[in-house]
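Please read the structure below before turning to the comments.
Both backbone and side-chain heavy atoms feed into the values below; hydrogens, waters and symmetry mates do not. Order of listing sets the numbers, starting from 1, for every ligand and every atom in it.
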Amino acid sequence: MTVMIDGRGTAEKIRSQLKGKTEKLKQQGLEPCLAVVLVGDDPASHVYVRNKKRAAEKIGIKTKDITLPANTTQAELLQLIDELNGDVTVHAILVQMPLPAQLDENAVIERIDPKKDADGLHPENLGHLFMDQPKALPCTPRGIMVLLEEYQIPVAGKNVVIIGRSNLVGRPLAALMINADATVTVAHSKTKDLQRVASQADILVVATGRAEMVDETYIKEGATVIDVGINRLANGKLVGDVKQASAVTKAAYLTPVPGGVGPMTIAMLMQQTLELAEKSNS
Ligand SMILES: Nc1nc2c(c(=O)[nH]1)N[C@@H](CN(C=O)c1ccc(C(=O)N[C@@H](CCC(=O)O)C(=O)O)cc1)CN2
């Protein structure tokens with residue numbers, strides 16, 4: 001029988017621990033503050049940002065909300081980031097992705113002070129991760145590692161296959177897995193015989209952005225399957241990149257969608273905000 005990995009419950013547990021940590025910081029005179037920058041009208045981004053602000057509020061983290069129109073220029077956004085970098089009351093900065101097409105995401109991420117990089121996506125922080133000396137970490141990959149730890153799923157010596165090579169998930173997760181002594185394969189749209197590659201995995205992470213693409217033919221008997229996808233179907237139903245009903249015939253562990261990796265991304269963002277605030281004080 002497949003164990004469904006409860007990301008929502010794990011995130012809730014982490015959030016309640018973070019609440020205590022926030023209270024302690026406040027007693028020391030430090031009020032942790034996360035700046036949340038949202039540009040444009042992408043409906044999913046609005047939902048995620050709202051959920052992030054709610055999570056912060058529940059924990060006691062202050063947010064500074066900046067919503068900009070879809071026609072914001074690169075110069076305007078960079079100027080805003082410069083202001084947030086220089087604002088001593090802001091400890092962490094998050095720019096919600098994706099940005100409208102006229103904006104250069106990499107240049108925006110690079111402008112954020114690495115010491116205020118809530119998403120852990122600045123090249124300096126990715127460099128520290130690749131050197132196995134992590135500082136701020138990308139939130140979704142970090143959340144996946146915490147879930148594996150929580151369910152005592154060993155990583156060292158295991159074959160890990162990650163389908164997807166994005167800067168947000170695939171690439172940093174590969175580094176985290178290598179640092180945890182896994183043998184890692186990163187597969188992508190040009191990978192030949194993907195089913196054969198995927199079915200070698202003890203831990204299969206799917207981040208393709210293609211609804212229910214992966215079924216039991218990609219999965220080794222007894223594997224752990226981590227579904228990073230979030231796709232809204234025409235009928236409004238939310239599904240992952242893994243066909244869950246098919247995956248349960250093979251997987252020993254599986255993350256659901258919703259309620260798996262997504263809530264962990266937000267919990268890790270909160271944890272990182274507190275860590276950055278704490279470090280700003282030392
Ligand atoms: N700056 C960033 N942008 C984006 C990131 C990121 O980590 N940093 N990741 C994704 C979106 N994302 C966070 O921003 C995110 C996506 C989904 C969830 C989540 O909790 N999903 C729920 C379902 C929510 C729904 O009803 O739609 C779930 O899976 O249970 C959290 C965060 C791209 N952009």
task: Give the intermediate values and the outcome of salt bridge (Lys or Arg N to Asp or Glu O under 4.0 Å) for residues K116 and D113.
output: CA-CA 5 Å; K116 294 190 177 188; D113 179 346; 5.7 Å; no
- request: Give the intermediate values and the outcome of salt bridge (Lys or Arg N to Asp or Glu O under 4.0 Å) for residues E12 and R15.
  value: CA-CA 5 Å; E12 178 63 52; R15 279 201 305 268; 2.8 Å; yes
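Around ligand 1, the residues contributing at least one heavy atom under 4.0 Å from the ligand are Y48, K52, L94, V95, Q96, M97, D119, L168, I230, R232, L238, P258, G259, G262, P263, T265, I266.
When all heavy atoms of V169 and P141 are compared, the closest pair comes out as O-CG, 3.8 Å. Listed here is the closest heavy atom pair of V239 and V257: C-CG1, 3.7 Å.
Using a 4.5 Å heavy-atom threshold, the side chains of L18 and Q271 count as touching.
For the atom pair CD1 of I266 and CD1 of I14, the computed distance is 12.5 Å after rounding to the nearest 0.5 Å.
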